[in-house]
Amino acid sequence: MAKPSVLRGAKPTGVSASAAETALPLRLLAWYDRHRRHLPWRAEAGHSAEPYRVWLSEIMLQQTTVPTVAGHYDRFIARFPRVEVLAAASLDDVLHAWQGLGYYARARNLHRAAQAIMTQHGGVLPADAEALRALPGVGDYTVAAIRAIAFGQKANVVDGNVERVMARLFAVETPLPKAKPDLKRLAATMVPDKRPGDYAQALMDLGATVCTPRAPGCLACPWAEACAGRKAGIAGDLPRRAPAKEKPRRYGTVFWLERADGAVLLRRRAEEGLLGGMIEVPSTPWGPTPPDQASTQSHAPAKAIWRPLPGVVAHGFTHFDLELTVMTARLAGGQAPVGLWSTPAEFDRHAFPTLTRKVIRHVRGASPGGRKNQAILRAHSG
Ligand code: SF4
């Protein structure tokens, strides 16, 4: 737990702890009524939120920024306006609509959860915490967010933004991730009985627009008077973080095989695991060292004259960085291996993850008449 002296310093001078717990949420709600963000999934003031929209937006926002989700949400909701439409859709359709949002496991879980809502809950998103937690892809944070925003229940909605605001408000100097339980407990003391959904969204807005990661805008903050981090002059340095561990690196070789008609050999990854069910260019397994010649040959999908392209495709996953070498070959005719053959004109129909799109760009960049070879393409999305 954070130092008691620091916590005491967090309370506004002359205001008791219980009054602070009442006064600060009220102040934040008053600020929210004037400054709330207008987001496509958010109910307007005075209107009830639609649970399906809340659930969908919370899944989309799990690992994706608000501007990116805002750019995709309306299109997704137009295609799948109700949970029964989502449940009845094919997984390919859902994955296709999810393109650009990354972390495709969320789309697969969303689809499975929609089917569970239809079969187990009569097509109605449950309001109960345990029933929500049993849905695929719904963790503690999402349970709390849905309970508060969609059903008006008193729930403690704590993500990285809220942790940052709490660390500053209470001047918690314990580094993350060790401070997480303390920050969650502190956040819980603030949740009001009335308007808990608005309070959760107000806190999100405060973290996104005022108490921002690099430069907290304390002058515009409804909690400035009470904020211990601001008073101590350390708000911008909070939350403190334990030094990040370096991510491991993995290596592999992908095989770009073209048929005489220009079609390219693709394959679908296993349903479970990283990029589960997504379409990719065949490759060796990804290991801690670059694959040797024997391993490369044994995983090549066909006997052909394989040529390496200059440069590599680099991609950052959450837990490791990946570096892929690309080999290309063209089948002169004869027997083509069985697989998912697709012409470039058909590529748009597939829900390619970012990694596959990078491989395609790399090959196109290296092809005669293509753009100048892009040796390394870097990005950090799924
Ligand atoms: Fe954040 Fe500043 Fe508000 Fe404190 S006063 S909560 S540091 S914006």
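Atoms within each ligand, like the ligands themselves, are counted from 1 in listed order.
- For the residue pair Ser295 / Ser298, no side-chain donor-acceptor distance below 3.5 Å is found, with atom types taken as modelled.
- Chaining together hydrophobic side chains whose heavy atoms lie under 4.5 Å apart leaves Val338 on its own.
- Checked against ring-ring contact (aromatic ring centres under 6.0 Å, His included), Trp341 has no partners two or more places apart in sequence or in another chain.
- The ring-ring contact (aromatic ring centres under 6.0 Å, His included) test applied to Tyr251 returns no partner, not counting sequence neighbours.
- In this structure, a donor-acceptor pair under 3.5 Å is absent between the side chains of Glu225 and Trp223.
- For atom 3 (Fe) of ligand 1, protein N, O or S atoms under 2.8 Å: 1 in total.
- Here OG1 of Thr343 is found 11.0 Å from CD of Glu258. Values are rounded to the nearest 0.5 Å.
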